[in-house]
Amino acid sequence: MEAVFNISLPTSWEELTDKQLLLVFDLFARDLSAAEVKTLCLMKWNRLKVLCQLPDKRFLIKRKGEPEVPLSARQVQKAASTLDFLDAFAPVPVRIARIGRHKAIAADFEKVPFEQYLYVDNLFQGYLNTQQGDLLVQMAQVLYGSDKVKPSEAHLVGVFYWMAALKQYFAQLFSNFYRPAPNNEDGSLGDKQADLFKQLRDSTNAQIRALTGGDITKEDAIMKMDTWRALTELDAKAKEAEELRKAAKTS
């Protein structure tokens, strides 16, 4: 019988504590491989320490108060595979609840004003296109409600994963509104970057116009609307527009 440790590991993003999330994002920030991240999490969360490497791809591993145990690389990899969920974004958005004394807004943006979502979404889209780190810092300031928040590299990776998971989540919930954008045929990266902020501005304005029906007197109320309520309306309007398009095409 092979010698083993009794270990305990989370099986989903939602089970991770703030401390565990911070470790995961810190390891991601170091640009380690997925296997290295999962192995280090396995060791840290189960208080295991590698004493030395043995022949035949084995390691002598120790946990305080327990006997030393030789484990094969295969055993370690098999145990770490419990953390394979880290290979993808969370199906439901998760985030570190606080940075210092600054508390984060709701992970799923429920009850968050629509104007706040639009602002963060524009910053996120800008980061995807430009990779400018200061955009992540600005996102952290909005998401944690203060321009005095001081995010670490791990926190910034967490902000990125939060928003990526949120967009993926919304794409499933509001599938009529969040349709894949058509590809730019010429594929010119320079042109895409040059036009980025105009595209973001136009997209934001289009969403506001869709909700106000072109009535600017309604704009203030729309911007203060709950994000989920606004997206529900936009999704319904997108569905109606698609149905009209199909009806016109077949008539």
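Hydrogens, waters and symmetry mates play no part in the numbers below; they use all other heavy atoms, side chains included. Keep in mind that this is a model prediction, so the values were computed, not measured.
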So, do Pro10 and Leu83 sit near enough that their side-chain heavy atoms are less than 4.5 Å apart? yes

With [X] via side-chain hydrogen bond (donor to acceptor under 3.5 Å, both in side chains) - residues at least two apart:
X      : answer
Thr11  : Glu15
Asp226 : none
Ser152 : His155

Taking side chain to side chain contact (heavy atoms under 4.5 Å, CB included) as the definition, give me every residue that meets it alongside [X], ordered by chain and number, with sequence neighbours left out.
X      : value
Ala35  : Ser33
Gln168 : Phe89
Asn46  : Ile7, Ser8, Leu9, Leu42, Leu48, Arg63

Set of residues satisfying salt bridge (charged side-chain N to carboxylate O under 4.0 Å, His left out) with respect to Glu153, sequence neighbours excluded: none

Using the salt bridge (charged side-chain N to carboxylate O under 4.0 Å, His left out) criterion, which residues pair with Lys44? Sequence neighbours excluded. none

Applying side chain to side chain donor-acceptor pair (under 3.5 Å) as the test, list every pair that has at least one member in residues 99-116; sequence neighbours left out.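 The answer is none; no pair qualifies.
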
Under the salt bridge (charged side-chain N to carboxylate O under 4.0 Å, His left out) rule, what pairs show up with a residue in residues 124-140, not counting sequence neighbours?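 Listed once each, the pairs would be none.
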
Test: salt bridge (charged side-chain N to carboxylate O under 4.0 Å, His left out). Region: residues 24-42. Which pairs qualify, not counting sequence neighbours? Asp26-Arg30, Lys38-Asp84, Lys38-Asp87

Without placing hydrogens or testing angles, list every side-chain donor-acceptor pair under 3.5 Å for residues 158-166, not counting sequence neighbours.
| unit_1 | atom_1 | unit_2 | atom_2 | d |
| --- | --- | --- | --- | --- |
| Trp162 | NE1 | Ala107 | O | 2.8 |

Heavy atoms only: give me the nearest Leu27-Cys41 pair and the separation to one decimal.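 Smallest interatomic distance, heavy atoms only, reads CD1-SG, 3.8 Å.
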
